[in-house]
Each structure stands twice: as C-alpha cells, then as structure tokens.
Engineer: 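Pasting a structure below so you can have a look.
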Amino acid sequence: MMKHRAIDYVLLVVGLLVVWQICHELVGEYALTSPLATFAYAAKELGDAHFWNNAGASALALLYALIIAMVGGLAIGLALGLNRLAGDVADPMLITLFSVPKVTLYPVILLVFGLGLSAKVAFGALHGIFPVAIFTLNGIRKINPIYVKASRSLNLSRSRTIFTVLLPAALPEIVSGLRVGFAATILGTLIGEMFAATEGLGFMLIKAIDENNVELLMSLTLFLFLVAATANGILLAIDHRLHRRSAAAA
Amino acid sequence: MNVLSQTSAAEHSLEEGARGAKAPHVHLKGVTRIYPAVANNPEVHALASTDLDLPQGSFFSLIGPSGCGKSTLLDIVAGLASPTEGTVMFEGKRIEGRPPEGVGVVFQEDSSFPWLTVWNNVAFGLRRKRIDKAEMAKRVDAILAFTGLSDFAQAYPAQLSGGMRQRVCIARTLVLQPRLILLDEPFGALDQQTRLLMGDELLRIWRETGATIMMITHSLDEAAMLADHVGVMSARPGKFIEIIETGWPRDRTSEIVSEARFGSITAHMWSLLREESQKAMKAR
C-alpha cells in the first residue's frame with residue numbers, strides 16, 4: 001500500500017518534469033528554462049542572502065496573514081455557527097464575499113494601509129479568512145444534534161461544550177477550511193507583494209519579469225510551488241485522517 | 001467493588017431526606033407540556049397532566065404510540081426540557097431545566113464521541129470533576145470491565161459495532177454513578193438478538209448498581225421483560241392509560257420470555273395500545 005503510494009508520487013514527479021522539458025523544447029529558452037537549468041539556478045539562489053532576505057519578508061507577511069485569517073475565520077465561523085439566525089443571515093453574504101475577486105479591493109487596501117508589510121498582510125488575510133470562516137460555520141452547523149444533547153445531559157458549561165464537544169466534532173471540517181484558507185492566504189500575500197511592495201518573493205517575481213530574468217522567475221516559481229505543495233500535502237494528510245476517523249459515526 | 005459503592009450512598013441520602021417515610025425516588029405531579037404554536041403550526045399538546053412515582057431501585061418502562069410524548073416526559077425528568085406545568089422531584093429536590101447530579105441519560109442515537117477513544121469517551125464526564133488521575137483511571141477501567149469493553153479501550157467508536165457503541169454510551173453514563181438512569185430507546189437501532197443480550201446486560205447493571213431506571217421502548221417484549229412496572233401511554237396528548245405490574249423476580253433474565261405470563265402481559269399491553277396506535281397513525 002505505502003509502496004504503491006511512493007511509486008505513484010515518483011511517477012507524478014517524473015511526468016511533470018517530462019512535460020516541463022517538452023514545453024521548454026516547444027517555446028524555447030527565453031520563455032521557459034529547462035528543468036535542469038532551473039534547478040541549477042535555484043541552487044545558486046538558495047545560497048544567496050538576497051533571496052533569503054526576501055523569502056524571510058514573505059514568510060513574515062504570510063505568518064501574520066495566516067494568524068489573522070485562521071484566528072479571525074475560526075472566531076467568525078464559530079460565532080455564526082453557534083447562533084443559528086446569525087448563521088442563516090451571514091452564510092450567503094460570506095459566500096458572496098468569498099467569490100468577489102479581491103484584487104478589486106486592492107486599491108482600497110493600499111490607500112488604507114499604505115505600501116509595505118501591513119498591506120500585504122491585510123491582502124493575504126482577506127483571501128484566507130473567508131474559506132476558514134465558511135468551513136468552520138458549516139462544520140459547526142453539521143454537528144449531529146445528539147452530541148449537543150449528550151453534553152447537556154452531562155451538565156457541561158457552555159465554554160466546556162464548545163471546547164470539548166463542538167470544536168472537536170467540527171475539527172475535520174475546520175481542518176479542511178484551514179487547508180483551503182492556507183492556499184488562499186499564500187496567494188493573497190504573493191499577489192500583494194507583486195503589486196505594491198519593496199521586498200518579498202512576490203516583489204522578486206515581478207522584478208524578474210521586468211528584467212526578463214527567466215531563470216530567476218522559474219526558480220522562484222519552483223520554490224513557491226514546492227513550499228505550497230508540501231504544506232498542502234501535510235494538511236491534506238491530517239484532513240484525510242480526521243475525516244476517516246469520524247466517517248463511520250456519521 | 002467501587003462500581004457498586006453508590007448504592008449505599010444513595011440509600012443514605014434517601015434516609016436523610018425522607019426520615020423513614022418511603023418517599024419515592026422520582027416524583028412527578030401534574031407534569032404537562034405544550035409546545036407553543038410556531039408560524040403555521042398550531043400548538044401541540046404533547047403531554048397531558050401526568051403523575052408518576054418511581055420507588056428507589058425500581059425499573060420502569062414507558063411504552064406508547066409514536067409521538068405520544070414519551071421522549072418529552074423523559075427529557076423533562078432528565079432536566080433537558082421544562083414542563084409547561086407541574087413539578088418533577090428527584091430525591092426530594094425539584095428538577096428544573098438543568099440535569100441534576102446523579103441522573104444519567106442514554107439516548108437512542110449513538111452519542112459516543114467519534115474523536116475520542118473508548119477509554120476517553122468513558123472518562124469524558126469525569127474530567128469535569130476534580131478527581132485525581134489515578135482515581136479516574138481506576139473508575140474508568142472498572143466500568144470498562146463491567147460493561148465488557150476492556151479489550152476495546154484504545155479503539156475509536158468507528159471501529160466498533162452499533163451494539164458496542166451503545167455500550168460505550170452506557171459506560172459513559174455509568175462511570176458517573178447515576179442513581180437514576182434514563183434510557184430513551186437505547187436499543188432501538190440494534191437487531192433483535194443483540195437487543196435481548198443488551199437487555200440482560202441492563203438487568204445486571206440495574207441489579208448491581210441499585211439505580212432506579214426509567215426506559216422508553218418501542219418493543220412490547222422489551223418492556224414486559226425488563227420492567228417491574230410498564231406505563232402504557234395514550235396517543236397525544238400523552239397520559240398513562242394503565243400502569244402494569246409485571247411481578248418478575250429481581251434476578252430475572254431474558255429467559256422469562258418463554259413463560260406463559262410473559263405472553264399474557266404483552267397481549268394485555270397490545271390490547272391497550274392497538275386503538276391508541278391507530279389514532280396516532282391517523283393523526284399523522
């Protein structure tokens with residue numbers, strides 16, 4: 001079983017590399033560097049302090065944005081999930097807001113927060129907070145009412161019910177929300193850096209485009225892809241485990 | 001065995017409360033429940049004025065057509081719902097909208113927590129109390145052994161059968177040493193054979209803990225086999241048509257189903273219920 005999985009992953013990676021190489025052959029060195037050249041350039045970049053300064057700036061912005069998106073999303077989802085009427089009213093609004101292209105709000109954010117860290121964080125958090133809130137809200141609403149009745153019969157206080165019954169019961173959904181929220185937050189933070197920032201990987205990307213430095217562009221993309229895929233893979237594994245555990249009880 | 005230690009404690013409290021006079025363990029007087037009209041639905045008179053006394057350590061079964069207010073009555077005794085009128089007393093204290101200490105509830109639906117192991121499910125209610133770890137472990141292990149779950153302590157409910165999961169719920173209630181156990185069709189989702197075995201199990205628990213039991217069931221057989229007294233309820237608004245005394249010995253088992261009297265008790269119940277069930281069916 002595990003062996004099959006490992007082979008699947010190897011095949012996937014090899015397949016992606018082959019497709020990459022073919023695309024490179026088709027469009028040429030100036031649009032898409034070859035895998036080999038990209039890895040070589042990326043290895044060089046990884047030894048460069050300039051790269052790490054920017055990566056650090058992005059990581060810091062991402063961290064702040066993630067904290068805001070996750071804590072804020074959880075709080076909003078929990079509050080709306082616990083109050084049925086508020087949840088019914090807010091649910092369609094949240095979904096509408098989630099589907100609004102947030103780039104349209106970027107000018108406003110820039111005016112409010114100015115250039116720099118806080119604008120990036122705000123933009124990242126704006127992307128991530130909705131999925132976390134929506135998944136948490138639905139997770140809380142989908143809880144089997146028998147768990148609530150059981151906790152009442154055990155005479156639990158409200159806060160104890162929330163922390164020992166409602167949150168664990170909704171945890172599989174919440175983790176799905178965190179996973180989607182994480183991806184959205186990375187996206188938001190990078191876009192924020194690309195449009196208006198003075199440092200960060202998004203800023204490096206846009207500069208590489210200006211300077212027509214395809215090798216750097218590809219290296220950065222590769223690096224971001226690997227980071228995002230790894231984080232997503234870990235969260236997905238947790239997600240699957242939690243859903244499997246509660247599956248038979250549903 | 002500390003599993004059983006509650007009996008004497010319960011007797012104590014009863015003695016102190018009642019001073020020799022045989023006060024009932026549970027006492028209902030004029031308990032009524034009306035669900036108010038909501039939107040287009042008219043008000044529902046779920047429970048007509050109901051009186052009931054349960055002696056300490058008795059086994060009472062509630063039977064009646066669907067929607068007759070059985071669950072409403074049980075929820076009121078459990079403190080999960082409030083009566084529109086009337087009072088419920090448990091050990092001489094009034095129950096009102098809050099589950100009293102010493103009352104345990106087991107529901108028909110599987111209410112075991114899927115995110116906790118069997119051990120942690122059983123320990124769940126104890127964590128709220130300030131009990132040291134060693135004492136808690138001792139009590140949980142004793143109850144797991146008592147309910148035959150020791151081998152599954154580290155399993156998750158999803159890995160167990162329906163009957164075993166219901167056992168987890170019963171163990172979670174028993175570990176708190178309830179003096180009154182309320183069961184709302186606890187074996188309703190189980191197959192007939194498992195039901196009979198779980199019924200035997202429940203009789204054993206009842207005998208060894210000395211708790212008072214009030215149980216709702218849909219099954220005439222189950223009611224006749226398990227209870228000292230069977231309360232037969234009418235269609236909505238629910239009230240007791242008759243309370244049948246079964247007269248079984250305390251150390252009975254499911255084998256009494258082969259006795260002639262068992263047949264006559266169930267037959268009598270059905271003669272009372274047939275018309276009521278038809279009324280309930282038409283009302284839907």
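Protein chains get the first letters and strands the later ones, always in sequence-line order, with residue 1 at the start of each.
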Engineer: At a heavy-atom separation under 4.5 Å, does A/Thr164 approach chain B through its side chain, its backbone, both, or neither?
Structural biologist: both
Engineer: Report which part of A/Arg160 has an atom under 4.5 Å of a heavy atom belonging to chain B: side chain, backbone, both, or neither.
Structural biologist: side chain
Engineer: Looking only at heavy atoms, what is the nearest atom pair of A/Ser153 and B/Leu80, with distance?
Structural biologist: N-CD2, 3.7 Å
Engineer: Hey, does the side chain of B/Arg128 reach the backbone of A/Leu156 with a donor-acceptor pair shorter than 3.5 angstrom?
Structural biologist: no
Engineer: Taking the side chain as every heavy atom from C-beta outward, state whether B/Asp110 and A/Asn144 have any atom pair closer than 4.5 Å.
Structural biologist: no
Engineer: Would you name the heavy atoms of B/Ser112 and A/Tyr147 that are closest together and state the gap between them?
Structural biologist: O-CE2, 3.4 Å
Engineer: Taking all atoms of both residues into account, what is the closest heavy-atom pair of B/Gly79 and A/Arg152, and its distance?
Structural biologist: O-NH2, 4.0 Å
Engineer: Taking only residues two or more places apart in sequence, or in another chain, which ones meet B/Arg94 in a salt bridge (Lys or Arg N to Asp or Glu O under 4.0 Å)?
Structural biologist: B/Glu96
Engineer: Does a sphere of radius 6.0 Å around NZ in B/Lys133 hold more than 12 heavy atoms from other residues, nucleotides or ligands, not counting ones at 6.0 Å or beyond?
Structural biologist: no
Engineer: Considering only heavy atoms, give the residues of residues 117-125 of chain B separated from chain A by less than 4.5 Å, sorted numerically, with 'none' for an empty result.
Structural biologist: B/Phe124
Engineer: With sequence neighbours excluded, tell me which residues meet salt bridge (Lys or Arg N to Asp or Glu O under 4.0 Å) with B/Arg33.
Structural biologist: none
Engineer: Once side-chain hydrogen bond (donor to acceptor under 3.5 Å, both in side chains) is applied, what residue pairs with a partner in residues 174-186 of chain A remain, sequence neighbours excluded?
Structural biologist: A/Ser176-A/Asp239, A/Arg179-A/Asp239
